[in-house]
Structures are given as structure tokens and as C-alpha cells.
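Working notes, structure below.
Here, residue 1 is the first one in the sequence, and each next residue gets the next number.
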Amino acid sequence: MSKERMSKERIHSGKKPFKCQQCEKYFRGAGDLKRHERIHTGEKPFKCKHCEKCFNQRVILKIHERIHTGEKPFKCKQCDKCFRDRRSLKDHERVHTGEKPFKCKQCEKCFNQRGSLKIHERIHNGEKPFKCRQCDKCFREERSLRYHETVHTGEKPFKCKQCEKCFNQRGSLKVHERIHTGEKPFKCRQCDKCFREVRTLKYHERVHTGEKPFKCKHCDKCFNQRGSLKIHERIHTGEKPFKCRQCDKCFREVRTLKYHERVHTGEKPYKCKQCEKYFRRTEHLKSHERIHTKEKSYKCNHCNKCFSSAQSLRKHDGVHSSEKSGEKEPRPQSGGIKESARKDDNNICDLGIHRPCTIQEECLNQNEEYICWICQEKLNSEKLLSKHYQDHIALLP
């Protein structure tokens with residue numbers, strides 16, 4: 001009987017007479033066993049002509065070489081996307097069919113790829129087999145380890161053609177390039193908002209569903225993003241891992257450090273189109289622009305009054321809280337805005353609007369920076385804050 005016929009018969013009969021001595025796995029043919037044994041020996045006899053990478057199977061080398069040749073012979077019938085190997089095409093086609101044949105036994109979550117299921121299962125069993133040689137951090141998947149290693153090497157091989165910004169991940173470059181093209185391919189079914197990446201869409205959808213799957217162990221607060229939970233937990237642990245190089249101040253999140261560093265550099269990258277004023281943070285610009293547009297998007301639930309900022313609304317809510325407790329709010333002193341702006345008692349702010357406390361109590365944050373409660377601009381002293389309020393006064397009618 002020929003080897004080919006014997007091999008076919010074993011497919012039907014399920015016989016696997018060839019046993020690996022290392023891990024006791026069984027195989028139908030001697031060739032299958034030989035290929036498998038290279039995993040244990042580390043042998044990689046098939047070498048790429050273009051980049052000298054080596055592989056333990058000829059077929060994997062062939063697929064790899066298509067990276068250099070650009071050949072993608074396997075085409076999707078639904079969207080005309082092309083792939084280097086048949087398996088990638090098959091995995092992709094499940095995006096169109098919605099098929100998810102691989103089910104987790106622990107939480108019954110389903111996946112369209114076996115590899116995705118295998119990686120997911122490591123969440124339950126805690127397995128992190130991929131270890132960084134530099135800092136001993138461990139990861140659930142090899143791809144995450146590769147990305148992490150670029151932190152140590154500083155390597156950013158993926159460069160944007162538009163602005164020459166560099167990235168350590170091809171996916172990050174692809175998402176970044178959509179800033180230039182304006183492409184937002186991921187659309188919310190509830191409100192038709194569009195997003196540049198599927199992850200952002202997923203986070204957004206939780207606004208509609210109200211889902212907050214990430215729970216704090218210390219105070220039971222819940223979050224719709226894992227990153228938000230991680231940052232929140234630092235309130236309890238007191239951890240502030242992001243340190244300013246100029247003044248050694250520490251922060252809980254890298255974004256806050258970035259904003260703080262602009263105090264030293266003087267950088268204000270966000271410009272108002274109406275009066276050409278510059279701001280350190282985009283939310284400060286947004287709050288400031290409402291002075292020009294007179295937009296008041298924050299509405300009081302008690303009396304339907306509207307305000308231009310969330311902070312102003314919170315201050316106003318204090319009026320209703322006082323009414324419920326039987327206390328009377330002090331009335332603002334009479335006089336025009338310019339007159340009341342010069343007063344600085346406990347009840348009148350620099351713009352003649354009622355405020356429950358002084359600048360020192362209300363506007364000084366934990367980092368000893370004075371924050372304008374109208375536009376959230378941070379200043380370094382009470383004197384600068386008072387001068388800053390005059391800019392708001394000048395813009396009033």
C-alpha cells in the first residue's frame with residue numbers, strides 16, 4: 001500500500017501511530033511528527049532569502065516571503081480584501097458572517113479565531129507565558145511582549161508619511177493616519193457617531209448601555225474602561241508614578257503630567273478662533289469658547305437654569321441645597337459687573353456672580369495651582385488668577 005493511500009486511510013480511521021517522545025502527542029504521518037519535533041529542538045532549516053529569518057516549516061516560509069513580494073493571493077468575495085494565507089482569509093470572512101465558533105468554557109464568550117480564544121482563556125487561568133528579558137514583566141500574548149520591548153529599545157519603526165510621527169506598532173500608525181484622512185470607519189448604531197478605532201467605539205457604546213464592567217476593589221466604584229479603573233485605584237494606593245523632570249511633582253496619570261509640564265514650557269497649543277487666546281488644555285479652550293458662543297449646555301434639574309460649565313452648575317446646585325436645609329443664600333451686592341468685579345469678599349466672585357467661598361478655598365488645588373472656575377485655566381498665584389479674571393470681564397457685553 002502506498003504512503004499516500006495509508007495517510008488517507010488514517011484521516012478516516014483517526015489513527016495516529018507516530019508518537020512524540022517529548023510531549024507524547026500523536027500524529028498520523030512520520031512527516032507530521034518530524035515537523036512537530038522541530039518545536040522541541042528549535043531547528044529552523046528554512047531560511048528567507050530576503051531577510052534571513054528562519055522557519056521550521058516550508059509552508060510558513062512561503063507565507064512569510066509574501067511580505068517581501070507583496071503577494072496576497074486569497075481574496076474575500078464580500079469586500080475584495082486580500083490576504084497572504086488561506087487561514088487569514090477564513091478568519092476574516094467570519095467578520096461578514098458573524099460566526100464565532102470558538103467558545104470559552106469559563107464565561108461562554110465566543111470568538112471567531114481559535115487563537116483569540118486561547119489568549120482570552122489566559123485571563124481565567126492567569127497564565128502569562130511571554131516574559132520580558134529586560135524587566136521581567138509577563139504578557140498573555142507574544143504580540144503584547146513585542147510591543148512592550150520597544151519601550152526598552154525605543155524603536156519606532158512605523159513612520160507617518162504626512163507628519164513623520166513614528167510609532168512602535170503598525171496598528172497605532174494606521175489609526176493615527178486617520179487623523180490626516182479624516183476616516184472614521186466605526187459607527188455607533190445608537191447615535192450614528194463615528195470613531196477612528198474600534199476600541200473607542202466599544203467604550204462609547206457603554207454610554208448607551210450603561211455598562212461599567214470594571215469595579216474598584218476599594219470603594220466599589222465602577223468604570224466603563226479598564227484604564228480609568230487603573231487610574232482611579234491610585235487614589236486609594238497613593239501611587240503617583242509620573243514624575244515631572246523640572247520640579248519633581250508626581251501625578252497619577254500621564255495626561256496630567258503632560259498638562260503640568262506646559263506650566264514650565266509655557267506651551268499653549270490650543271487656540272481660540274474668536275479672540276486668538278491660547279490654552280494649555282483642550283477642555284479649557286472649550287469652556288472659554290462658550291463665552292463667545294454664549295452656549296449654556298449644563299441645565300439645572302431643579303429650576304431649568306442653564307450654565308456654560310459643569311462647575312458653574314455645581315455651584316448653582318448649592319443654592320438648592322441651602323434652600324432644602326432652610327438656609328438663605330446671601331444676595332449679591334448691587335452694582336454693575338465692573339463694580340462688583342473689584343470686590344473680593346466671601347460671597348461675590350470677580351465677575352459679580354455668586355460664589356460660596358474665597359479664591360483661596362475654592363480655586364487652590366492640591367498641586368498649589370490656582371484654577372479659574374470659569375474656564376479651568378491653571379495659574380501659579382492668586383495675583384495672576386485675579387488678573388486672569390479681568391480678561392473674562394473684558395469679553396462680557
Side-chain angles (χ1 to χ4, degrees), residues 160 162-163 165 175-184 191 193-197 200 203-204 207 225 227-228 231 242 244 246-247 249 251-300 305-316 337 341 349-353 355 359 362-397:
C160 175
Q162 302 287 331
C163 66
K165 209 171 182 181
V175 170
H176 165 80
E177 284 175 336
R178 290 174 186 148
I179 294 170
H180 301 295
T181 62
E183 185 191 0
K184 292 184 177 181
C191 66
K193 268 192 176 179
C194 296
F195 300 89
R196 280 193 290 268
E197 52 184 316
T200 316
Y203 294 153
H204 166 79
V207 174
Q225 296 184 37
S228 301
I231 291 165
F242 304 103
C244 174
Q246 302 288 330
C247 66
K249 271 189 180 177
F251 300 87
R252 278 192 291 270
E253 53 182 314
V254 69
R255 183 181 60 175
T256 317
L257 169 61
K258 194 176 177 182
Y259 294 151
H260 165 78
E261 285 174 336
R262 289 175 183 154
V263 174
H264 300 295
T265 62
E267 185 192 2
K268 292 184 178 182
Y270 305 107
K271 184 181 176 183
C272 174
K273 294 175 183 177
Q274 301 289 331
C275 67
E276 296 192 350
K277 201 167 184 185
Y278 291 84
F279 298 87
R280 290 191 196 99
R281 298 169 67 159
T282 182
E283 56 264 37
H284 296 174
L285 170 61
K286 200 173 178 181
S287 296
H288 166 79
E289 284 175 335
R290 292 190 188 116
I291 295 170
H292 301 295
T293 62
K294 295 180 180 171
E295 180 194 351
K296 295 183 177 181
S297 52
Y298 299 93
K299 190 175 180 181
C300 175
K305 270 191 176 180
C306 295
F307 299 87
S308 59
S309 70
Q311 193 172 9
S312 299
L313 174 59
R314 282 198 301 273
K315 287 180 174 66
H316 168 77
I337 289 169
C349 82
D350 298 83
L351 297 183
I353 304 168
R355 185 183 70 198
I359 288 176
E362 176 71 12
C363 300
L364 184 63
N365 71 1
Q366 63 180 0
N367 293 321
E368 296 182 354
E369 294 168 323
Y370 291 83
I371 305 174
C372 171
W373 64 277
I374 297 166
C375 70
Q376 309 301 305
E377 176 76 6
K378 288 184 182 179
L379 297 107
N380 293 331
S381 70
E382 187 175 344
K383 187 178 178 181
L384 288 173
L385 179 61
S386 296
K387 285 181 180 179
H388 171 80
Y389 279 140
Q390 301 307 313
D391 294 333
H392 289 296
I393 293 167
L395 290 167
L396 290 170

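Rounding to the nearest 0.5 Å gives a distance of 8.5 Å between NE2 of His180 and NZ of Lys165. Interatomic distance, Cys244 SG to Lys258 NZ, rounded to the nearest 0.5 Å: 14.5 Å. Rounded to the nearest 0.5 Å, atoms CD (Glu183) and CD (Glu177) are 10.0 Å apart. Of the inter-residue distances, the one linking Cys163 atom SG with Ile179 atom CD1 reads 7.5 Å to the nearest 0.5 angstrom. We find the CD-OG1 distance between Gln162 and Thr181 to be 8.5 Å, quoted to the nearest 0.5 Å. Interatomic distance, NZ of Lys296 versus CG of Leu313, reported as 12.0 Å (0.5 Å rounding).
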Exercise. Can you check side-chain contact (heavy atoms from CB on, under 4.5 Å) on Tyr278 and Lys271, steps first, answer last?
Worked result: CA-CA 4 Å; Tyr278 291 84; Lys271 184 181 176 183; 3.3 Å; yes
For this session: Decide yes or no on side-chain contact (heavy atoms from CB on, under 4.5 Å) for Leu257 and Glu261, but give the supporting numbers first.
Result: CA-CA 6 Å; Leu257 169 61; Glu261 285 174 336; 3.8 Å; yes
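Using a distance-only test at 3.5 Å, with no hydrogens or angles considered, a donor-acceptor pair links the side chain of Arg178 to the main chain of Arg196.
Contact of the Arg290 side chain with the Tyr298 side chain is registered, since non-hydrogen atoms from C-beta on lie closer than 4.5 Å. When side chains are defined from C-beta on, Glu283 counts as touching Tyr259, because their heavy atoms get closer than 4.5 Å. Within the 4.5 Å cutoff, the side chain of Val263 has heavy atoms near those of the Arg280 side chain. Thr256 has its side chain out of reach of His260: every pair of non-hydrogen atoms, C-beta onward, lies at least 4.5 Å apart. Phe279 places none of its side-chain heavy atoms less than 4.5 Å from the side chain of Lys268.
Between His316 and Phe307, the shortest heavy-atom contact is CG-CZ, 3.2 Å.
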